[in-house]
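The next block holds one structure in the form of structure tokens; read it before the comments.
Here, residue 1 is the first one in the sequence, and each next residue gets the next number.
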Amino acid sequence: MGANNGKYGSEGKGSSSISSDVSSSTDHTPTKALKNVATSEDSDLSMRTLSTPSPALICPPTLHGFQNGRGSSTSSSSITGETVAIVHAPPPTRLTHPLIRLASKHQKEHASIDRLPDQCIIQIFSYLPTNQLCRCARVCRRWYNIAWDPRLWRTIRLTGETINVDRALKVLTRRLCQDTPNVCLMLETVIVSGCRRLTDRGLYIIAQCCPELRRLEVSNCYNISNEAIFDVVSLCPNLEHLDVSGCSKVTCISLTREASIKLSPMHGKQISIRYLDMTDCFVLEDEGLHTIAAHCTQLTHLYLRRCIRITDEGLRYIMIYCTSIKELSVSDCRFVSDFGMREIAKLESRLRYLSIAHCGRITDVGIRYIAKYCSKLRYLNARGCEGITDHGVEYLAKNCTKLKSLDIGKCPLVSDIGLEFLALNCFNLKRLSLKSCESITGQGLQIVAANCFDLQMLNVQDCEVSVDALRFVKRHCKRCIIEHTNPAFF
């Protein structure tokens with residue numbers, strides 16, 4: 001891309017103070033050249049401000065030399081190992097040797113990327129993560145202006161356990177607020193998953209500066225508390241997608257008291273969240289779920305995997321307030337039973353996705369409730385529900401004929417009889433998992449393969465199935481990927 005011209009240098013004109021000092025020098029001795037470079041670097045550093053966030057904010061300190069296959073200019077503290085915002089030295093100056101100057105000029109004339117219009121470069125930059133975009137802003141003046149185009153900053157994505165996320169968010173939002181003071185109108189998505197150093201302070205910055213925020217993912221950020229989440233949902237009225245999976249301190253989602261007082265009675269004190277993932281929020285209880293349901297009545301996707309304190313009572317609250325749910329997961333919620341299935345069945349034909357994996361208290365009775373009222377169910381994960389038998393599978397197959405994905409692995413009471421009902425009723429079945437189903441044989445698989453031609457995935461690991469049966473499946477379902485543990489079949 002030609003010679004480096006410093007942060008604000010223009011392509012091909014050598015406007016950098018460092019370059020002019022070095023090129024105008026008549027004495028080319030190493031001592032004087034180094035002195036001139038050092039002096040100009042000091043002056044350039046003094047002119048830098050926080051208006052250009054350093055990539056050091058968002059790059060791990062352990063990477064030296066290269067990151068993601070590119071040169072890295074990150075600076076970090078060697079004492080504490082903490083990633084800090086240090087002003088970087090400007091790019092190296094152009095050497096003054098005539099042959100080197102000619103080579104640089106020749107390279108510039110053939111730098112094809114400089115010939116691209118701004119719109120093409122914006123399109124290329126749109127695929128870069130946040131740290132790489134900040135690094136591109138340091139190449140030259142043109143790239144600086146392009147890199148900070150508002151269209152490229154609808155999303156901020158930061159990942160890594162060592163990143164000082166609070167500081168990075170502060171600097172980035174300050175830069176993005178230059179044209180619209182104190183408000184980032186273009187920013188709609190913030191993803192800081194796995195950033196353990198994110199605290200309530202960082203989320204408060206987002207809540208204050210991003211009123212148009214629509215999507216927030218803070219999964220596995222262990223230092224986030226209820227208060228920070230309250231601030232975000234109260235100050236970001238357009239928030240629709242919230243992922244707090246793995247945030248063990250989050251026990252509830254609600255408006256702040258101040259926001260509740262300011263809202264008019266017609267507003268109903270509701271939150272516009274439609275997608276909520278609270279997987280691995282271990283301390284979430286029925287009372288907290290009650291508060292969530294009462295405030296988030298527009299929910300369509302709710303994931304409560306491994307929320308081990310949830311019971312049938314919590315599901316009853318969900319069904320009272322959130323009647324538009326399409327996808328629901330309560331897998332590994334060991335206190336959910338057939339009574340909870342009766343509550344879930346009230347969603348009727350709106351329910352398309354249901355995961356009840358490893359809910360050991362669910363039997364054929366609960367499956368009958370779902371099959372009777374949720375006829376448009378497309379996906380069911382009942383792995384590890386050992387109380388399910390062929391009778392439950394029969395009722396499910398006859399009522400949910402549009403089923404496309406079914407997981408009944410580790411259900412030892414399901415046999416070839418249940419598979420026959422599936423094959424004769426669910427012709428659109430694309431994914432079927434029978435892992436560790438001890439009563440399944442090759443005969444049942446052949447019946448499925450002869451009727452479900454669109455089958456794309458079949459899991460028969462740890463099943464006593466012959467090689468001939470697997471070959472029969474492959475012959476009739478040509479696009480099917482078979483997961484098995486039979487070493488004789490390949």
Side-chain angles (χ1 to χ4, degrees), residues 1-25 37 40-41 43-45 47-59 63 65-74 87-158 171-172 175-176 178-180 184-189:
M1 290 182 289
N4 294 321
N5 297 325
K7 176 184 170 186
Y8 295 113
S10 60
E11 302 87 345
K13 290 187 178 181
S15 60
S16 171
S17 61
I18 303 175
S19 302
S20 61
D21 286 346
V22 176
S23 60
S24 62
S25 176
V37 171
S40 56
E41 285 182 354
S43 62
D44 191 30
L45 284 174
M47 296 173 63
R48 297 180 59 85
T49 65
L50 285 177
S51 62
T52 307
S54 168
L57 280 169
I58 44 186
C59 295
L63 298 182
F66 289 88
Q67 179 175 344
N68 296 332
R70 301 189 178 188
S72 173
S73 61
T74 58
V87 177
H88 289 215
T93 60
R94 294 197 302 268
L95 298 179
T96 58
H97 194 280
L99 294 180
I100 297 179
R101 286 204 302 269
L102 290 175
S104 300
K105 183 177 180 181
H106 181 74
Q107 290 175 357
K108 280 191 173 184
E109 290 175 353
H110 294 81
S112 56
I113 194 169
D114 289 338
R115 303 175 185 175
L116 294 177
D118 289 355
Q119 189 60 39
C120 291
I121 298 181
I122 288 176
Q123 184 65 29
I124 295 172
F125 282 5
S126 66
Y127 295 99
L128 297 178
T130 301
N131 62 330
Q132 295 292 343
L133 195 57
C134 288
R135 190 171 285 123
C136 287
R138 298 164 55 82
V139 173
C140 62
R141 180 177 297 176
R142 183 191 180 203
W143 280 31
Y144 175 85
N145 293 328
I146 293 175
W148 288 109
D149 189 292
R151 288 171 290 182
L152 295 174
W153 291 95
R154 289 189 171 95
T155 299
I156 290 179
R157 184 188 300 270
L158 303 173
V171 175
L172 288 171
R175 176 58 181 82
L176 295 173
Q178 282 190 352
D179 297 331
T180 53
C184 302
L185 294 178
M186 297 297 296
L187 190 58
E188 296 180 351
T189 302

Closest heavy-atom pair and its distance - L176, I156:
CD1-CD1, 4.2 Å

So CG of D118 and CZ of R142: to nearest 0.5 Å the spacing works out to 4.5 Å

Check whether any side-chain heavy atom of R141 lies under 4.5 Å from a side-chain heavy atom of N145, and answer yes or no.
yes

For residues 121-134, the salt bridge (Lys or Arg N to Asp or Glu O under 4.0 Å) pairs (sequence neighbours left out) are none

Enter the distance from R151:CZ to Q123:CD here, rounded to the nearest 0.5 Å.
10.0 Å

Output for pair (C134 SG, W148 CH2), nearest 0.5 Å, gives 4.5 Å

Give, for atom CD1 of I124 and atom CD1 of I146, the distance between the pair rounded to the nearest 0.5 Å.
9.5 Å

Please report the shortest heavy-atom distance between I122 and L152, naming the atom on each side.
O-CD2, 3.3 Å

Are any side-chain N or O atoms of W153 and backbone N or O atoms of T130, one a donor and one an acceptor, separated by less than 3.5 Å?
no

Mind checking side-chain contact (heavy atoms from CB on, under 4.5 Å) for T155 and listing every partner two or more places apart, or none if nothing turns up?
T189

Quick one: CZ on R154 to SG on C184, what's the gap to the nearest 0.5 Å?
13.5 Å

What is the distance from atom CG of N131 to atom SG of C136, rounded to the nearest 0.5 Å?
9.5 Å

